[in-house]
Protein chains: 2
Amino acid sequence: MADGPTINTIAERAGVSIASVSRVLNGLPTRQETVRKVMAAADELGYVRNAVARSLKSRRTHQVAFAMADVGNPAYLAMLREIQPVLKSAGYRLVLHSTDAVVADEIDVLHSLGERYVDGLIMSPLRVTEAHLELLAAARAPVVIIGSVPDGTRVDNVRADSGTGVRLAIDHLYALGRRRIAMVNGPLDTVPGAARGAAYREALGDLGLPYDDDLVQIGDFYRAEGARAVAELLARVPGVDALMCANDLIALGALDVLRAAGKRVPEDVAVVGMDDTDLAAASWPSLTSVSLGSAERGKVAAELLLDRLRGEGGEPRRVTVPPHLAVRASTSGPAHDRTPDPGHGDTDGRTDRKGSGA
Amino acid sequence: MADGPTINTIAERAGVSIASVSRVLNGLPTRQETVRKVMAAADELGYVRNAVARSLKSRRTHQVAFAMADVGNPAYLAMLREIQPVLKSAGYRLVLHSTDAVVADEIDVLHSLGERYVDGLIMSPLRVTEAHLELLAAARAPVVIIGSVPDGTRVDNVRADSGTGVRLAIDHLYALGRRRIAMVNGPLDTVPGAARGAAYREALGDLGLPYDDDLVQIGDFYRAEGARAVAELLARVPGVDALMCANDLIALGALDVLRAAGKRVPEDVAVVGMDDTDLAAASWPSLTSVSLGSAERGKVAAELLLDRLRGEGGEPRRVTVPPHLAVRASTSGPAHDRTPDPGHGDTDGRTDRKGSGA
DNA sequence: TTGTAGGCGTTATCAG
DNA sequence: CTGATAACGCCTACAA
């Protein structure tokens with residue numbers, strides 16, 4: 001781990017000036033003889049450019065930060081999976097921040113943009129506060145927000161459309177003949193919880209179905225809480241024939257409880273999840289789930305940011321990625337008669353490629 | 001996005017020298033009056049330190065790279081989840097590399113260490129080649145390898161013990177009274193495939209069970225291939241009473257096929273997976289799975305690296321993380337009578353916290 | 001074609 | 001306690 005060689009070392013060894021070394025290294029016109037000497041010296045010394053010094057001079061780090069709320073959340077991981085290759089192929093390194101769902105940490109990340117250790121930032125905040133907006137307005141590097149920002153905020157942003165997503169699911173259930181469609185939601189004081197709850201109500205209205213408080217159960221976005229919520233719901237409304245769950249974990253909890261209660265899925269009760277995570281394809285019966293396009297949003301965000309990094313100016317852009325419904329066994333047809341369809345889930349096969357090395 | 005203020009800007013404004021500014025900013029002894037002037041100027045200008053310039057001067061970037069083969073692989077993600085907080089709390093940023101299982105990319109990462117854009121590297125290579133070893137020997141920054149390296153390699157490394165892992169599973173099945181225990185493996189020319197296959201054979205031998213070629217089926221590490229393999233196995237050996245699967249996806253495929261064949265799990269056939277991914281807890285019946293401690297390995301690797309970054313020298317260290325068996329419904333007792341136990345899986349509840357923002 | 005010199009933004013040494 | 005000044009490693013006018 002001796003001190004690495006610099007262009008000075010090379011210059012000495014090759015008997016030329018550091019300017020010539022730099023020229024050769026950057027492919028600028030130089031005499032053949034000089035090129036040879038420099039290359040030889042560089043090779044022998046095992047020279048590698050110092051990225052920090054280059055950055056200081058060029059004012060570009062070739063790094064982009066992605067700030068996610070939670071490294072454990074599959075939705076963010078889906079974004080990450082798409083963002084990574086896009087940035088990589090454009091020559092950028094990815095700096096990963098996990099803000100642990102702490103707003104102060106998000107603010108820190110925004111603030112640290114001023115340190116110029118990255119050329120740009122993609123951020124998926126839980127909630128956009130006043131502090132966010134101020135820092136965004138003053139940001140010294142391009143930022144793309146994945147999520148919604150207030151109208152008028154001058155930032156590129158890529159949003160999901162959970163309203164339409166819920167509607168796709170409800171329409172699907174309705175088309176299957178279900179009429180007592182319940183909603184199992186997470187807390188209403190979260191952005192997704194509120195949005196999904198409202199969308200459910202609207203979708204019912206548009207179909208001419210009555211909104212019934214008894215059919216709505218609030219729990220939390222976890223499996224155990226989902227199970228508990230569904231158990232209560234079932235006790236109150238035994239005749240429910242479909243469950244719209246606010247995420248996949250809740251839906252898994254629902255399957256647990258339905259099974260224990262002797263209900264068949266989907267014959268007696270159809271179940272729909274949201275987010276279309278890997279778990280949806282893995283469960284049994286496999287889970288119909290609303291994809292809000294996390295992967296797509298990540299990809300679009302990365303591309304928007306790259307545009308800015310290429311110097312493209314212009315008005316802030318707002319992209320909405322359409323949701324889609326991944327239909328699986330938990331709603332469509334008699335699951336118990338179906339032959340297994342291992343390749344069904346669209347995420348199968350790219351998970352867990354080789355196990356882990358010994 | 002005007003050019004940000006530097007210590008020069010501040011110095012001018014406060015009417016002091018840049019040296020004084022630097023002192024104040026770094027908390028070095030300075031007259032109160034000077035401190036006040038500098039702080040005031042810095043505040044008004046919204047000054048933020050330039051990380052690149054600091055790095056150039058200090059020769060430390062406060063960044064660490066983690067190179068994984070595949071951003072989609074749950075085993076690596078488990079490592080990432082542990083590595084991230086450890087580094088963060090020590091003040092390091094995480095640079096994420098996905099090498100897409102391409103050896104050349106891994107070599108690139110190793111080579112780029114010379115660019116000094118990070119202070120250290122954690123790498124989980126698929127396979128360690130000669131090229132790896134050469135670069136590791138010449139590395140200009142500390143490296144920790146997650147995985148096995150040849151004896152004598154002078155690098156810290158953290159390894160799993162899949163041999164013991166397989167044995168835990170086989171012993172468990174044996175204790176449950178299973179005697180016709182089959183192995184559904186991935187390709188034998190992969191490191192995990194070979195290791196797991198050999199471990200299976202040994203474990204049987206130690207229990208005094210005969211090794212039977214008919215009980216071994218090779219497929220690939222995916223769900224569909226796993227299903228196919230199990231179907232063949234079942235056709236050949238209808239009386240098999242336990243399946244040791246080389247990873248969780250194969251095990252999910254096994255569940256698909258067993259269900260279609262009318263076999264009950266675990267009454268007729270017990271099933272064990274490996275890697276203990278989120279999918280294991282999500283499936284139904286939930287899957288007993290051998291954890292090779294991916295999370296733990298990530299954590300240990302990060303800690304080893306931090307030691308080195310703190311300047312601790314000494315001989316390369318080799319840590320082996322012990323595997324453990326996560327027992328769930330697919331082996332233990334009559335799954336169909338059990339009440340749902342949504343909180344059972346040890347990864348539940350930290351997955352998909354809030355869904356994705358609208 | 002090549003070398004000298006200045007600067008990117010900080011930190012740190014060394015006189016005053 | 002403070003202010004010049006010299007690095008850190010690289011790039012790039014400008015001059016030779």
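Heavy-atom basis, side chains included; hydrogens, waters and symmetry copies ignored. Just so it is clear: chains get the letters A, B, ... in the order the sequence lines come, proteins before strands, and each one is counted from 1.
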What integer distance in Å separates Ile10(A):CD1 from dC11(D):P? 11 Å
Grab the N/O contacts between the protein and nucleotides 13-16 of chain C below 3.5 Å, and write none if there aren't any.
none

Give the intermediate values and the outcome of side chain to side chain donor-acceptor pair (under 3.5 Å) for residues Arg49(A) and Asn26(A). CA-CA 11 Å; Arg49(A) 276 184 177 78; Asn26(A) 292 311; 3.0 Å; yes
I need the full list of ring-ring contact (aromatic ring centres under 6.0 Å, His included) pairs touching residues 103-132 of chain B, with sequence neighbours left out, sorted by first then second residue. none
Spacing of Ile18(A) atom CD1 relative to dC11(D) atom P, expressed in whole Å: 10 Å
In this structure, how many angstroms lie between the P atom of dC1(D) and the NZ atom of Lys37(B), rounded? 15 Å
Length of the CZ-P vector between Arg60(A) and dC11(D), whole Å: 15 Å
Strictly distance-based, threshold 3.5 Å: is any side-chain N or O of Asp156(A) a donor or acceptor partner for the main-chain N or O of Arg317(A)? yes
Take the protein atom CG of Leu25(A) and the nucleotide atom P of dT12(D), then report the distance between them rounded to whole Å. 12 Å
Quick one: do Tyr47(A) and Arg13(A) satisfy side chain to side chain donor-acceptor pair (under 3.5 Å)? Show the steps, please. CA-CA 12 Å; Tyr47(A) 173 78; Arg13(A) 179 152 186 146; over 6 Å; no
Would you say the side chain of Thr61(B) lies within less than 4.5 Å of the side chain of Arg116(B), judging by non-hydrogen atoms? no
Going by heavy atoms in the side chains, are Pro142(A) and Leu305(A) under 4.5 Å from each other? yes
For dT2(D), does OP1 or OP2 lie under 4.0 Å from any side-chain N or O of Thr34(B)? yes
In whole angstrom, what separates Leu28(A)'s CG from dC10(D)'s C1'? 13 Å
note: Ile7(B), atom CD1; dT2(D), atom P; distance rounded to Å ~ 16 Å
Identify whether any heavy atom of Ser22(A) sits under 4.0 Å from a base atom; if not, whether one sits that close to sugar-phosphate; answer base, sugar-phosphate or nothing. base
When rounded to the nearest 0.5 angstrom, what is the spacing between OG in Ser98(A) and CZ in Arg81(B)? 10.5 Å
Locate the shortest heavy-atom distance separating Val149(B) from Ile145(B); write the atom from each residue and the value. CG1-CG2, 3.8 Å
Which listed nucleotide (dT2(C), dT10(C), dC10(D)) is nearest to the side chain of Tyr47(A)? dC10(D)
Under a 4.0 Å heavy-atom cutoff, the residues of residues 49-59 of chain B touching DNA chain C are Arg49(B), Asn50(B), Ala53(B), Arg54(B), Lys57(B)
When all nucleic acid strands are considered with a 4.0 Å heavy-atom cut-off, which category describes Asn8(A): base, sugar-phosphate, or nothing? nothing
How long is the straight-line distance from CG of Leu96(B) back to CE of Met68(B), given to the nearest 0.5 Å? 5.0 Å
Would you tell me if any nitrogen or oxygen in the side chain of Ser17(B) comes within less than 4.0 Å of OP1 or OP2 on dT2(D)? no
